S.K.: 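After the structure tokens below, expect a handful of questions from me.
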Number of protein chains: 2
Amino acid sequence: MDKFDRKILVALHENGRLSFAELARRVNLSAPAVADRVEKLERSGVISGYRAIINPEKLGYPIQCVIELTVKNLEYYGVVDKLKAMPEIIACDSITGSSGLMIRVAVDSMSTLQEVIARLMQYGDTKTSMVIDQPVPPRIPALREDD
Amino acid sequence: MDKFDRKILVALHENGRLSFAELARRVNLSAPAVADRVEKLERSGVISGYRAIINPEKLGYPIQCVIELTVKNLEYYGVVDKLKAMPEIIACDSITGSSGLMIRVAVDSMSTLQEVIARLMQYGDTKTSMVIDQPVPPRIPALREDD
DNA sequence: CGTGAAACTGATGCAGC
DNA sequence: GCTGCATCAGTTTCACG
């Protein structure tokens, strides 16, 4: 993990479809050198995949919110399966603290949101917050473009 | 947005580096047809970019947590700039409710976490939860592979 | 790690349906 | 709007220094 690896990660985080040739130009290395480094980053698990970023808003799901779900422990694993089966849920983290689950939801309307919350209330207490904005978009930890 | 567009989105969400030729094979269309559809999805904003998925754990930041920060309104915009300057913060959402900010942090150690929390406490009350697991990994809203 | 050449693959435009 | 083909550019991947 030197300066070149960091540059590669930053570049691929910003545009995951860069070719090795193009990547090589941006980080000032040769294409084979870059290909070699990327392969190592992939095999070591630092890069775990590549993904198209999809905008739920443009897909017809303009409302996003975060729901903290306080589950009763016994039902825990069953709940997770139910959550996986709900297409409105676009992410879910298991966390410490009373809540237990931090769920992210994207819906088309408030009435759908109401239905989702009603279903989640079967499994425990919910605390819902609407997502207004993303002041810090997803980024790489401790890697700024300072070279 | 028909069945083919959905297949394309699912495929590119799973592997953002697929070539048009390879994508065409997977969705049973010709390469030019796929290229055309992808370009439209990009221009309409449904696909807003491509990104390498980077594993903070393998980068030396094995600890992740979510911090709800209840800020005093007056300081709000100043706070966001401070957050952007903190490399340990890998994402941040502005949300409704008392908290106001939902911050995601990746750190190398508990002592670093302690420092981060200490800094955030300058701006308001904090509620920290450790992220244990990701039962539902990030996915596309309402698009299941049902074709 | 860089260079240069060779081979390949994918992208693109057009005719035709 | 899609297909199939042909062409062309670009990238990947060697071997070698």
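None of these values were measured; they are calculated from a predicted model. Residue numbering restarts at 1 for every chain, and letters A, B, ... go by the order of the sequence lines.
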S.K.: Over the length of the helix from C:dC1-D:dG17 to C:dC17-D:dG1, how much do the five-pair end axes diverge, rounded to 10 degrees?
M.R.: 30°
S.K.: What are the bounds, 5' to 3', of the part of DNA chain C that sits under 4.0 Å from heavy atoms of chain B?
M.R.: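 First and last nucleotides in contact are C:dG10 to C:dG13.
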S.K.: What donor-acceptor contacts under 3.5 angstrom involve side-chain atoms of residues 112-120 of chain A, with partners at least two apart or in another chain?
M.R.:
from     : atom 1 : to       : atom 2 : distance (Å)
A:Thr112 : OG1    : A:Asp108 : OD1    : 2.6
A:Thr112 : OG1    : A:Ser109 : OG     : 3.1

S.K.: Check A:Ala31 against A:Ala21 and note the closest heavy-atom contact, atom names and distance.
M.R.: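 Closest heavy-atom pair between A:Ala31 and A:Ala21: CB-CA, 4.3 Å.
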S.K.: Should A:Met102 and B:Ile90 be regarded as members of a common hydrophobic cluster, given that ILVMFWY residues are connected when their side-chain heavy atoms come within less than 4.5 Å of each other, either directly or indirectly?
M.R.: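 Per the 4.5 Å side-chain linkage, A:Met102 and B:Ile90 are not co-clustered.
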S.K.: Among pairs that include at least one residue of residues 24-36 of chain A, which meet side-chain hydrogen bond (donor to acceptor under 3.5 Å, both in side chains), considering only residues two or more places apart or in two chains?
M.R.: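 Pairs touching residues 24-36 of chain A that pass the test: A:Glu22-A:Arg25, A:Glu22-A:Arg26, A:Asp36-A:Lys40.
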S.K.: Just checking, A:Arg104 and A:Tyr61: is the charged tip under 6.0 Å from the six-membered ring centre and within 45° of the axis?
M.R.: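 Not satisfied by the 6.0 Å and 45° rule.
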S.K.: Give the intermediate values and the outcome of side-chain contact (heavy atoms from CB on, under 4.5 Å) for residues A:Ile8 and A:Val38.
M.R.: CA-CA 8 Å; A:Ile8 288 170; A:Val38 171; 3.8 Å; yes
S.K.: List the residues meeting side-chain contact (heavy atoms from CB on, under 4.5 Å) with A:Ala52, not counting sequence neighbours, and say none if there are none.
M.R.: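 Checked A:Ala52 against side-chain contact (heavy atoms from CB on, under 4.5 Å); matches are B:Leu12, B:Ile47, B:Tyr50.
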S.K.: For the residue pair B:Cys65 and B:Met130, what are the closest heavy atoms and their distance?
M.R.: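 The answer is CB-CA, 3.8 Å.
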S.K.: So, B:Glu42 and B:Arg37, do they make that salt bridge, N to O below 4.0 Å?
M.R.: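 No, no charged N to carboxylate O under 4.0 Å.
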S.K.: Within the 4.0 Å limit for protein heavy atoms, which parts of nucleotides 3-17 of chain D are touched? Write it as a string from 5' to 3', B for base, S for sugar-phosphate only, - for none.
M.R.: BB------SSBB---
S.K.: Please determine whether a side-chain nitrogen or oxygen atom of B:Arg37 lies at a distance below 4.0 Å from atom OP1 or OP2 of D:dG1.
M.R.: no
S.K.: A:Pro135 and B:Ser94: which non-hydrogen atoms are nearest, and at how many Å?
M.R.: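 Scanning both residues completely, I find the closest heavy atoms to be CD-N, 3.5 Å.
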